[in-house]
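Reviewing the structure listed below.
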Amino acid sequence: MEALREALREALAGLRGAGGGGGGEAFDRGRFWEALAGAFGATSREATRLSLAAARAQTCKRLSEEVRSAAIRAVSVYYQLPESQGKALNNAVRCATIQVVEGMIQLVEVILRTPQESLSQEQLISTGGVWEACDRVSCLPHDNLAAVTLAISSCLELIKDALEEMEQMQSEGGASPGELLEDEILGFPGNCDLAWTDAERQLLGPCKGLVKATKAGLRKLLAAMRTHGAADTEEQVAQLDALAEAAAELSPSVDELVLSLCPPVNQLALRLNAGKLASVLMKMLEITRTSHVCPPSEESWVRFLAGAVDHNLGKIKDSTQGLLRDSGPAGEGQCAGHAQPKEQP
């Protein structure tokens, strides 16, 4: 069993550092997915056999080898997926394969520390975890368009959550939901430092405008992908990957902007974070405009959102312009003691 665990760990390490494989022969998509489903199904069955045999103290070298072969087969099928099929698709299949191997490692480790001739609750849970990981093969995207659609949809959900947090902060006068919950649990009275000043409150509108533009951009992009998206050529696949990578930068930038709104507000930091969000959003819009998902019929919303970004960022810059004049060369004034990073244009 120790040898089985080490073999699985080695396979897992290879997966974590791997890109796609294949490329030597023409890729047969149908055959690949049939092989992957078969390999995942075999791994699930072998996990069941291993768990039952361990409960009867009947594990043996042959059974361990069969379990290892099933799991390694799943890994080897993943390596048959060419990188040319898309980074997003490769990542989705690789993550699913990693979860299967991780589940098998966890099951083996539970068996190794569980007394023989028993079927513990922990062992049952670990076996079920392998089953669940193997069953995910039926939910995987089968091309890069579907994979990128899933990735961008996940980004959109994160942006929605951030916008809801901003709206709750607005209703509570500046306190974040986490701070309010902490006050409620600890029984502390309200903190006057958690309230916005009038100047800080004026920044909320354009900051929300940037986040709303981000949300609208992702929704429009998903709609354009459903209507015009394709993954039939290498150029289309590469464009989809570029869109996924650009969209992935949005949520961290939105989170930084939301955090910088928590009072007391460092307005220069907020200005910088707003500029960063505007930059990555404009990048995504430009990649969208030049991709196959944006024929002339889609260009109007791209221009409109670009204008909305410029408008809201301009209002933030106007509201904080005086702070740039007030801060001296040594970082004096509002942000004394903090080095001022260079502002993005």
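In what follows, every heavy atom counts, from backbone to side chain, and hydrogens, waters and symmetry copies are set aside.
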Point to revise | Of all pairs that satisfy salt bridge (Lys or Arg N to Asp or Glu O under 4.0 Å), the ones with a partner from residues 210-239, not counting sequence neighbours | key: none

Point to revise | Value rounded to 0.5 Å, distance of CD1 in I159 from CG in L281 | key: 9.0 Å

Revision key, fill the gap. Taking every heavy atom of S51 against every heavy atom of I111, the minimum-distance pair comes out as CA-CD1, 4.4 Å

Exercise for review: May I have all residue pairs that pass ring-ring contact (aromatic ring centres under 6.0 Å, His included) and include part of residues 125-172, sequence neighbours excluded?
Suggested key: W33-H142

Study note, to complete from the structure: Scanning both residues in full, the closest heavy-atom pair of P141 with A147 reads CB-N, 3.5 Å

Check your understanding: If we only count heavy atoms from C-beta on, is the V280 to L277 side-chain gap below 4.5 Å?
Key -> yes

Practice item. Ignoring hydrogens and angles, tell me if any N or O in the side chain of N91 forms a donor-acceptor pair with the backbone of K87 under 3.5 Å. Key: no

Study note, to complete from the structure: Rounding to 0.5 Å, atoms CG (L50) and CG (L63) come to a distance of 5.5 Å

Point to revise | Name of the residue among E109, E2, E102 meeting salt bridge (Lys or Arg N to Asp or Glu O under 4.0 Å) with R9 | key: E109

**Study point:** Test item: D143 side-chain N/O and A231 main-chain N/O as donor-acceptor pair under 3.5 Å
**Key:** no

Check your understanding: Can you find a pair of side-chain heavy atoms, one from V258 and one from V254, that are under 4.5 Å apart?
Key -> yes

Check your understanding: Would you say the side chain of L218 lies within less than 4.5 Å of the side chain of C155, judging by non-hydrogen atoms?
Key -> yes

Exercise for review: Compare all side-chain heavy atoms of W301 with those of T288 and state whether any distance is below 4.5 angstrom.
Suggested key: yes

Study note, to complete from the structure: Rounded to the nearest 0.5 angstrom, the CD-CD1 distance for E132 and I125 is 12.0 Å

Check your understanding: Pick one: which of H228, M225, Q239 meets side-chain contact (heavy atoms from CB on, under 4.5 Å) with H292?
Key -> Q239

Review point. For V148 and A244, which heavy atoms make the closest approach, and how far apart are they?
Key: CG1-CB, 3.9 Å

Check your understanding: For the atom pair CD (Q121) and OG (S126), what is the distance rounded to the nearest 0.5 Å?
Key -> 10.0 Å

Check your understanding: Do the side chain of W196 and the main chain of Q202 share a donor and acceptor less than 3.5 angstrom apart?
Key -> no

Review point. Checking S279 side chain against G275 main chain: does a donor-acceptor pair fall under 3.5 Å?
Key: no

Practice item. Answer whether the closest heavy-atom distance between the side chains of S153 and L222 falls below 4.5 Å. Key: yes

Check your understanding: What distance do Y78 atom OH and I98 atom CD1 have between them, rounded to the nearest 0.5 Å?
Key -> 8.0 Å

Exercise for review: Mark yes when over 12 heavy atoms from residues, nucleotides or ligands other than K208 sit less than 6.0 Å from its NZ; otherwise mark no.
Suggested key: yes

Exercise for review: Let me see the working for Q85 and V237 under side-chain contact (heavy atoms from CB on, under 4.5 Å), right down to the final yes or no.
Suggested key: CA-CA 7 Å; Q85 292 297 303; V237 168; over 6 Å; no

Review point. side-chain contact (heavy atoms from CB on, under 4.5 Å) between C207 and L257: does it pass, once the steps are laid out?
Key: CA-CA 8 Å; C207 287; L257 179 60; 3.9 Å; yes

Review point. Does any non-hydrogen side-chain atom of L36 lie less than 4.5 Å from one of F32?
Key: yes

Point to revise | Cluster overlap F304 with L221, hydrophobic side-chain contacts below 4.5 Å | key: yes

**Study point:** Atom pair CZ/SG of R136 and C139 - distance to nearest 0.5 Å
**Key:** 8.5 Å

Practice item. Determine whether Y79 and L15 make a side-chain contact, defined as any pair of heavy atoms from C-beta on separated by less than 4.5 Å. Key: yes

Point to revise | Any donor-acceptor pair under 3.5 Å from N273 side chain to S253 backbone | key: no

Check your understanding: Where do T127 and L124 land on the side-chain contact (heavy atoms from CB on, under 4.5 Å) test, with the steps shown first?
Key -> CA-CA 5 Å; T127 305; L124 288 171; 5.8 Å; no

Review point. Within the side chain of T290, is there an N or O that forms a donor-acceptor pair under 3.5 Å with the backbone of I287?
Key: yes

Point to revise | For V67 against E46, the heavy-atom pair lying closest together | key: CG2-O, 3.9 Å

Review point. Under a 4.5 Å side-chain heavy-atom rule over Ile, Leu, Val, Met, Phe, Trp and Tyr, are L112 and M104 clustered together?
Key: yes

Check your understanding: Does a side chain donor of either T320 or Q267 reach within less than 3.5 Å of an acceptor in the other side chain?
Key -> no

**Study point:** Over 12 foreign heavy atoms within 6.0 Å of CD, E34
**Key:** no

Check your understanding: Would M169 and L204 show up in the same hydrophobic cluster when neighbours are defined by side-chain heavy atoms closer than 4.5 Å?
Key -> yes

Practice item. Give the minimum heavy-atom separation between P206 and I316, together with the two atoms involved. Key: CB-CG1, 3.6 Å

Review point. Is the side chain of T214 donor-acceptor paired with the backbone N or O of L210 at a distance under 3.5 Å, no angle test?
Key: yes

Practice item. Take N144 and Q236, measure what side-chain contact (heavy atoms from CB on, under 4.5 Å) needs, and give me the verdict at the end. Key: CA-CA 9 Å; N144 210 46; Q236 291 170 339; over 6 Å; no

**Study point:** Over all atoms of both residues, closest heavy-atom pair of A47 and V130
**Key:** CB-CG1, 3.6 Å

Review point. Can you list every pair that meets salt bridge (Lys or Arg N to Asp or Glu O under 4.0 Å) and has a residue in residues 65-74, with sequence neighbours left out?
Key: R49-E66, R62-E66, E65-R68

